[in-house]
Asks: 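Below is the structure I would like to discuss, written out as C-alpha cells.
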Amino acid sequence: MKKLEGLEWSGDEEKSKDDDLAEWPRPVPWRNIDAEGLDCDYALLFTQEEADSLFGRLETEVVYLTGHEARVQVFGKVHDIPRKQAVYGEPGLNYTYSGVTHCARQWTPTLEYIRDAVTKVTGQVFNFVLVNRYKDGQDHMGEHRDDERELDPLCPIASVSLGASRDFVFRHRDARGRGARRMEPVKLQLVSGSLLLMNPPTNTYWYHSLPRRRAVLQPRINLTLRRILSSEGKVGLMTRPPAPPPAKQALCSFETEDE
DNA sequence: TGGGGGGCAACTTG
DNA sequence: ACAAGTTGCCCCCC
Ligand SMILES: [Mn+2]
C-alpha cells in the first residue's frame, strides 16, 4: 500500500499470502452493534495523532462543492446544505443528491490512503467516497437511508470520522411517524479516527442521522466509502453525452465556481 | 420560572 | 409519487 509522508506505519509492509485482515498496522478491536435488521462494526482505525494528521491533509486537499452545488432545493425552497460536501472516486462515477448529479473528482493521495487502510481491515474494495464536513455542532445531516439504486447492495458502507466527535443515531423505519412501533434508537459516538461499517441489511431497515449538537465547537470530516455498480442504467457510470451536447455541456466538468 | 437543548411529527412545492 | 430540509411543539433539565 502506498505510504503517505509523515504517516509511516510501524508494521512491515511485506505481503505474505496469509495476510489476513487482523493486522493493520496493529490489530483493531471491533465492536459489533446489533439490533433487529441492524448490523454494524465499529473500530478505532487510526490513532489520534494519525487522525489529526489526516484531518489536516484533508483540510488542504479536499475541494468541496460550492455555489449552487452547495444548496439544495426541496419543495420549491432553496436551502444551504447544513454541511459541506465533496465527491471523489473513479473517473466517470457520479453521485446524485436531491435530483442533482455531481461528478466524482479523482482520488487525492490522502483519500486513497484512507481508502486503502479501510480495504486492508475490511477486505472490501471501494470506488467512491462522499466527504461531508461539519464545521461545528450546528452543521448536521437529517435522517435518511443510503438507499441509492447504484450502491452495491452487498458492500458495506464504510464511514471514517476525523476531527470532532459527533453523535450518530439510527432509527428503525417502523419506529417513525405516528402509530410507530416502539423501538429504541441506536446511538453511537463517532470519535476521531474511527471506522463504522454499516453492513447490509442495515440500510434497508434503519435510518441514520447526525443530529445537531450545539455544544460541539470543532469541525468534523466524515468519509463514506462506497462501492458503486457501474452497470446501472440510470446513474453510476456517467456516459459521454450521446451527441455533441448543445448547451449544457458543463454538466460533467470541474470548473471552479464562485464562493 | 424561564430558557435552552434535544427528539420528532408535521409541513413545505413543482 | 417524489424529494431533504426547517419549523413547531412538547418534554426534560438546570
Ligand atoms: Mn448516509
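Reminder, nothing fancy here: chain letters follow the sequence lines and each chain counts from 1. The figures here come from the full heavy-atom set of this structure, side chains too, leaving out hydrogens, waters and symmetry mates.
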Asks: Counting only heavy atoms from other residues, nucleotides and ligands, does the tally under 6.0 Å from CD of E59(A) exceed 12?
Replies: yes
Asks: With a distance cut-off below 6.0 Å to the six-membered ring centre and an angular limit of 45° from the axis, does R176(A) pair with Y207(A) as a cation-pi contact?
Replies: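 Yes, a cation-pi geometry holds between R176(A) and Y207(A).
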Asks: Take atom CD1 of I81(A) and atom C1' of dA3(C), then tell me their distance rounded to the nearest Å.
Replies: 13 Å
Asks: Does R166(A) qualify as a cation-pi partner of Y134(A), given the criterion of NZ or CZ under 6.0 Å from the six-membered ring centre and within 45 degrees of its axis?
Replies: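 Cation-pi check for R166(A) and Y134(A): passes.
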Asks: CZ of R212(A) versus C1' of dT7(C): gap in Å, rounded?
Replies: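 Result: 11 Å.
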Asks: When the side chains of residues 71-86 of chain A are checked against the rest of the protein, which donor-acceptor pairs come out under 3.5 Å, sequence neighbours left out?
Replies:
from   : atom 1 : to      : atom 2 : distance (Å)
R71(A) : NE     : D80(A)  : OD1    : 3.1
R83(A) : NE     : N132(A) : OD1    : 3.1
R83(A) : NH1    : H140(A) : O      : 3.0
R83(A) : NH2    : Y97(A)  : OH     : 2.8
Q85(A) : NE2    : N132(A) : OD1    : 3.4

Asks: So which atom in A104(A) and which in G89(A) form the shortest heavy-atom distance, rounded to 0.1 Å?
Replies: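 Answer, listing the atom of A104(A) first, then G89(A): CB-N, 3.6 Å.
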Asks: Per the side chain to side chain contact (heavy atoms under 4.5 Å, CB included) rule, which among L196(A), L38(A), N203(A) passes with H208(A)?
Replies: N203(A)
Asks: Anything under 30° is parallel, anything over 60° is perpendicular, the rest tilted; go ahead and classify F170(A) against W206(A).
Replies: perpendicular
Asks: Just how large is the angle between the end axes of the helix from dG2(B)-dC14(C) to dG14(B)-dC2(C), five pairs per end, to 10 degrees?
Replies: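 Rounded value for the end-axis angle: 30°.
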Asks: Scan residues 135-144 of chain A against DNA chain C and write down, sorted by residue number, each residue with any heavy atom closer than 4.0 Å; if none is found, say none.
Replies: H140(A), G142(A)
Asks: Heavy atoms of chain A, cut-off under 4.0 Å: which first and last nucleotide of DNA chain B, 5' to 3', fall inside that, if you could look?
Replies: dG5(B) to dT13(B)
Asks: Do Y42(A) and W30(A) have side chains that approach each other closer than 4.5 Å (heavy atoms only, starting at C-beta)?
Replies: no
Asks: Is any side-chain heavy atom of N222(A) closer than 4.5 Å to a side-chain heavy atom of V160(A)?
Replies: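 When only atoms from C-beta onward are counted, V160(A) and N222(A) do not touch, as no gap falls below 4.5 Å.
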Asks: Apply salt bridge (Lys or Arg N to Asp or Glu O under 4.0 Å) to D146(A) and R226(A), showing your working.
Replies: CA-CA 10 Å; D146(A) 297 334; R226(A) 301 134 187 268; 3.7 Å; yes
Asks: Mind checking what makes side chain to side chain donor-acceptor pair (under 3.5 Å) contact with R181(A), not counting sequence neighbours?
Replies: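 R181(A) satisfies side chain to side chain donor-acceptor pair (under 3.5 Å) with E36(A) only.
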Asks: With a 4.0 Å cut-off on N to O distance, would you call E50(A) and R26(A) a salt bridge?
Replies: yes
Asks: Under a 4.0 Å heavy-atom cut-off, which of residues 71-79 of chain A touch DNA chain C?
Replies: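 Within residues 71-79 of chain A, the residues near DNA chain C are V74(A), F75(A), H79(A).
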Asks: Is any side-chain heavy atom of I114(A) closer than 4.5 Å to a side-chain heavy atom of L223(A)?
Replies: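 When only atoms from C-beta onward are counted, L223(A) and I114(A) do touch, with a gap below 4.5 Å.
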